[in-house]
Amino acid sequence: MQMIIFTLNENYYAFSSENVEEITNKMPWTPVPQSPAWVQGLVNLRGNVITLINFYKLLSPKDEIEEICYNNIIIVKNDEEKIAFMVDEVAWVLDIEPSAIQQLDDKTDELVSSVIQVKDQIVSVINMEKLFL
């Protein structure tokens, strides 16, 4: 299984590549008034308007003001819906054996479904089904 592994505020996360349509550099966005704090705005990707999510604010909904410096946008798709996620940096695109994926029993964070170890890092695997609910 191929995974896109990225950093976010010095932590490592992963998406399955089957859900990733594209990885781009950062681009300008238009703010959306009265949207949730984790909605950064809207981006125009080759004529398609896509919601840009500040992944740090989505994963850490505390009232922290800390802003991240992001360098990449990961465009994720689910059927016809696309969402863009701000991430610090895409670290690796790797093939991961299914046996290396450790499912989490404790569902304290519904957005993280499992973990993998890559090199010397523990990587949280994002539950894509929960993102699109």
Side-chain angles (χ1 to χ4, degrees):
M1 162 184 293
Q2 193 174 56
M3 302 288 265
I4 311 293
I5 300 166
F6 58 93
T7 59
L8 190 62
N9 197 27
E10 299 179 12
N11 294 310
Y12 287 83
Y13 296 91
F15 288 134
S16 170
S17 67
E18 69 185 23
N19 300 108
V20 175
E21 183 168 294
E22 184 175 346
I23 299 169
T24 69
N25 292 323
K26 62 182 175 180
M27 61 181 68
W29 68 83
T30 302
V32 178
Q34 299 180 345
S35 61
W38 43 267
V39 173
Q40 191 72 30
L42 301 174
V43 294
N44 184 337
L45 183 65
R46 292 183 295 282
N48 294 315
V49 177
I50 302 172
T51 303
L52 178 64
I53 304 297
N54 184 322
F55 215 25
Y56 178 73
K57 289 181 180 178
L58 182 64
L59 293 174
S60 302
K62 304 173 196 123
D63 292 330
E64 297 176 10
I65 305 297
E66 182 178 345
E67 289 295 320
I68 63 167
C69 175
Y70 82 101
N71 294 309
N72 293 117
I73 295 175
I74 300 176
I75 309 294
V76 178
K77 64 181 180 335
N78 180 22
D79 297 326
E80 295 300 313
E81 187 177 4
K82 293 181 187 176
I83 299 178
F85 291 97
M86 300 167 63
V87 300
D88 290 348
E89 183 174 18
V90 174
W92 305 291
V93 178
L94 298 173
D95 286 320
I96 305 293
E97 292 295 323
S99 61
I101 300 172
Q102 185 176 16
Q103 296 297 319
L104 295 177
D105 293 333
D106 182 14
K107 296 295 183 189
T108 56
D109 184 352
E110 291 184 1
L111 289 178
V112 175
S113 62
S114 54
V115 294
I116 53 177
Q117 183 166 349
V118 176
K119 305 188 187 224
D120 60 343
Q121 300 296 326
I122 300 297
V123 179
S124 300
V125 179
I126 301 299
N127 183 344
M128 298 304 292
E129 292 172 6
K130 293 291 183 184
L131 281 179
F132 286 95
L133 286 181

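The figures here come from the full heavy-atom set of this structure, side chains too, leaving out hydrogens, waters and symmetry mates. Throughout, residue positions are numbered sequentially from 1 according to the sequence presented.
Here OG1 of T7 is found 8.0 Å from CG of N71. Values are rounded to the nearest 0.5 Å. The CG atom of L58 lies 12.0 Å from the CE atom of M86; values are rounded to the nearest 0.5 Å. A distance of 11.5 Å separates OG1 in T24 from NZ in K26, rounded to the nearest 0.5 Å. To the nearest 0.5 angstrom, I116 atom CD1 is 11.5 Å from E97 atom CD. Remark: W29 CH2 to I73 CD1 distance equals 8.0 Å, nearest 0.5 Å. One finds the CD atom of Q121 at 9.0 Å from the CD atom of Q117 (value rounded to the nearest 0.5 Å).
Residues L45 and I75 have side chains in contact (heavy-atom distance under 4.5 Å, counting atoms from C-beta outward). A 4.5 Å side-chain heavy-atom check between V39 and L52 finds every atom pair outside the cut-off. No side-chain heavy atom of V112 sits less than 4.5 Å from a side-chain heavy atom of V125. S16 is listed as a side-chain neighbour of M3, based on a closest heavy-atom distance under 4.5 Å.
In terms of hydrophobic clustering, with Ile, Leu, Val, Met, Phe, Trp and Tyr side chains grouped at heavy-atom distances under 4.5 Å, V93 and I74 are assigned to a common cluster. Cluster annotation: F15 is not connected to I96 through the hydrophobic network of ILVMFWY side chains, with a link wherever side-chain heavy atoms come within less than 4.5 Å. Cluster annotation: V87 is connected to Y56 through the hydrophobic network of ILVMFWY side chains, with a link wherever side-chain heavy atoms come within less than 4.5 Å. Residue V20 is grouped with residue I53 when hydrophobic side chains (ILVMFWY) are merged at heavy-atom distances under 4.5 angstrom, including chains of intermediate members. Two different hydrophobic clusters hold I83 and V32 under the rule that ILVMFWY side chains link at heavy-atom gaps under 4.5 Å.
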Apply side chain to side chain contact (heavy atoms under 4.5 Å, CB included) to F85 and F6, showing your working. CA-CA 11 Å; F85 291 97; F6 58 93; over 6 Å; no

Go through the steps to decide whether L94 and I5 satisfy the test side chain to side chain contact (heavy atoms under 4.5 Å, CB included), and finish with yes or no. CA-CA 8 Å; L94 298 173; I5 300 166; 3.9 Å; yes

Under the side chain to side chain contact (heavy atoms under 4.5 Å, CB included) rule, what do N127 and L111 come out as? Steps first, then yes or no, please. CA-CA 5 Å; N127 183 344; L111 289 178; 5.7 Å; no

Kindly determine whether Y70 and L8 satisfy side chain to side chain contact (heavy atoms under 4.5 Å, CB included), including the steps that lead there. CA-CA 8 Å; Y70 82 101; L8 190 62; over 6 Å; no

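Looking only at distances, no side-chain donor or acceptor of S124 sits under 3.5 Å from a matching main-chain atom of Y13. In this structure a side-chain-to-backbone donor-acceptor pair under 3.5 Å is missing from N72 to N25. The closest donor-acceptor contact from the side chain of N44 to the backbone of G47 lies under 3.5 Å.
Aromatic ring pairs are classed by plane angle as parallel below 30°, tilted from 30° to 60° and perpendicular above 60°; the pair W92 and Y12 is parallel.
Under the 4.0 Å criterion applied to side-chain N and carboxylate O atoms, K82 and E22 are not assigned as salt-bridge partners.
Heavy-atom contacts from other residues, nucleotides or ligands closer than 6.0 Å to CD of Q102 number 12 or fewer.
Between S114 and L104, the shortest heavy-atom contact is CA-CG, 3.9 Å.
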